Amino acid sequence: MNVLQLMQQQDAMPETYKQLSVEEMEERVARVKQKLGARLFIPGHHYQKDEVIQFADATGDSLQLAQVAAKNKEAEYIVFCGVHFMAETADILTSDEQIVILPDMRAGCSMADMAEIEQVERAWPILQQLFGDTILPLTYVNSTAAIKAFVGLHGGATVTSSNAKKMVAWAFTQKERIFFLPDQHLGRNTAYDLGVPLEQMAVWDPATNTLQYEGDVQQIKVILWKGHCSVHENFTVKHIEHIRKTKPDMKIIVHPECSWEVVQQADDAGSTKYIIETIANSPAGSKWAIGTEMNLVNRIIQQHPDKEIVSLNPYMCPCLTMNRIDLPHLLWALESLLEGKVVNRITVSKDVAEGAMLALERMLARA
Ligand code: 13P
Ligand code: SF4
């Protein structure tokens with residue numbers, strides 16, 4: 001579901017919430033949390049704003065948030081502070097009785113929007129014709145539930161940035177080739193890390209429904225969906241060159257949604273959790289340039305006054321959809337629950353959820 005479709009499903013937040021002071025909103029959120037106790041669970045992704053993340057019961061990267069959602073059996077309401085695909089995953093992994101809420105339906109993910117199920121269904125028979133039954137589909141969790149279901153029903157699995165290497169290695173024990181959706185960069189970076197040369201990777205372009213490759217197609221081992229993250233594409237080789245020139249003793253760490261060129265020239269790459277831990281474990285006085293979302297970079301800077309930390313892109317890169325979840329929307333979603341009203345519920349239909357569960361379970365069993 002793209003952002004436009006999500007907006008059509010949106011319950012409208014009363015204007016009055018926008019006029020409240022931060023102090024009042026914080027006090028009221030805390031009050032609802034206290035009233036609902038264990039009936040309420042708030043997971044928060046590392047890219048969320050501080051004003052929201054301060055109220056999260058658990059924070060994490062995509063894998064950790066999927067794991068905590070799968071484990072939580074007691075919460076009646078899961079108010080997800082993250083983006084749509086994360087809330088869908090939580091709905092799939094929790095029981096039918098548990099209600100998942102996304103405080104603002106406009107919190108989509110532009111990368112997930114780059115792969116629609118209809119496009120995948122158009123691509124698959126062409127790829128089957130070219131390669132026969134030699135391909136295993138894998139999807140980054142940053143994808144719709146429908147795509148996860150497609151992958152699950154075709155023997156594949158979901159991956160996150162923290163287990164992509166393990167999952168791609170597993171996929172190659174199942175089939176000769178992989179079809180990686182929807183982030184070409186994570187797919188390319190991971191396969192390359194595992195020893196697949198770039199010459200054995202092709203790009204599937206959903207706009208033209210064609211495979212972009214020059215040479216003997218039978219050499220192809222990895223088919224990458226032509227999708228990317230519009231936040232991480234803002235970190236470039238030029239930024240790396242600038243840091244190398246101006247701060248030669250600074251280390252560069254980036255998220256693997258950055259391009260292959262950027263990841264190759266950085267000193268290190270990994271999930272949001274990996275970035276947080278690497279910097280936390282580095283000695284006082286160490287210097288870092290980070291290539292990932294702005295809210296997280298700012299938080300890491302604040303948490304480590306003993307280290308010199310900058311954003312790899314000096315203009316900082318916010319994820320605008322993550323930022324849709326703000327204090328007014330969180331408060332509104334929570335107070336609605338006290339009034340017996342559920343706003344912005346995320347529900348994945350049973351048939352889609354069953355297929356998607358197969359893909360998620362294959363990942364969680366190996367995570
Ligand atoms: P992580 O799983 O590393 O937190 O990444 C999620 C995401 O959307 C990054 O853009
Ligand atoms: Fe999607 Fe990129 Fe935002 Fe992550 S940072 S949620 S991949 S748009």
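Just so you know, ligand 1 is whichever comes first in the structure, and atom 1 is the first atom listed for that ligand. Quick note: residue numbers are just sequence positions, from 1. All figures in this text were calculated on a predicted structure; none of them were measured in a lab.
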task = Measure the spacing between CG of Leu138 and NZ of Lys148 and express it to the nearest 0.5 Å.
result = 13.0 Å
query = Under 2.8 Å from atom 1 (Fe) of ligand 2, how many protein N, O or S atoms can be found?
reply = 1
remark   = Near Glu257 (heavy-atom distance under 4.0 Å), the atoms of ligand 2 are 2 (Fe), 7 (S)
message = Do Pro318 and Asn295 make a side-chain contact, defined as non-hydrogen atoms from C-beta onward lying under 4.5 Å apart?
response = no
ask   = Within the side chain of Asp57, is there an N or O that forms a donor-acceptor pair under 3.5 Å with the backbone of Ile42?
value = yes
ask   = Going by the angle between their ring planes, with limits at 30° and 60°, are Phe150 and Trp124 parallel, tilted or perpendicular?
value = perpendicular
message = Quick check on contacts: which atoms of ligand 2 are under 4.0 angstrom from a heavy atom of Tyr47?
response = 5 (S)
Sequence neighbours excluded and cut-off under 3.5 Å, please list the side-chain donor-acceptor pairs for residues 64-71, or say none.
unit_1, atom_1, unit_2, atom_2, d
Gln64, OE1, Asp61, N, 3.0

inquiry  = ring-ring contact (aromatic ring centres under 6.0 Å, His included), that's the test. Do His304 and Trp288 meet it? Break it down for me.
reply    = CA-CA 11 Å; His304 299 282; Trp288 294 94; 10.0 Å; no
request  = Mind telling me whether His232 and Phe235 have parallel, tilted or perpendicular rings, with 30° and 60° as the class edges?
outcome  = tilted
task = For residues Trp260 and Val262, determine if any side-chain heavy atom of one lies less than 4.5 Å from a side-chain heavy atom of the other.
result = no
key: Per-ligand residue contacts, ligand 1, heavy-atom threshold under 4.0 Å   = His45, Tyr47, Asp61, Ser62, Tyr140, Asn142, Ser161, His232, His255, Glu257, Ser271, Thr272
ask   = Under the salt bridge (charged side-chain N to carboxylate O under 4.0 Å, His left out) test, which residues partner Lys35, sequence neighbours left out?
value = none
request  = Could you walk me through whether Lys175 and Asp133 pass salt bridge (Lys or Arg N to Asp or Glu O under 4.0 Å), step by step?
outcome  = CA-CA 8 Å; Lys175 291 273 166 82; Asp133 183 23; 3.0 Å; yes
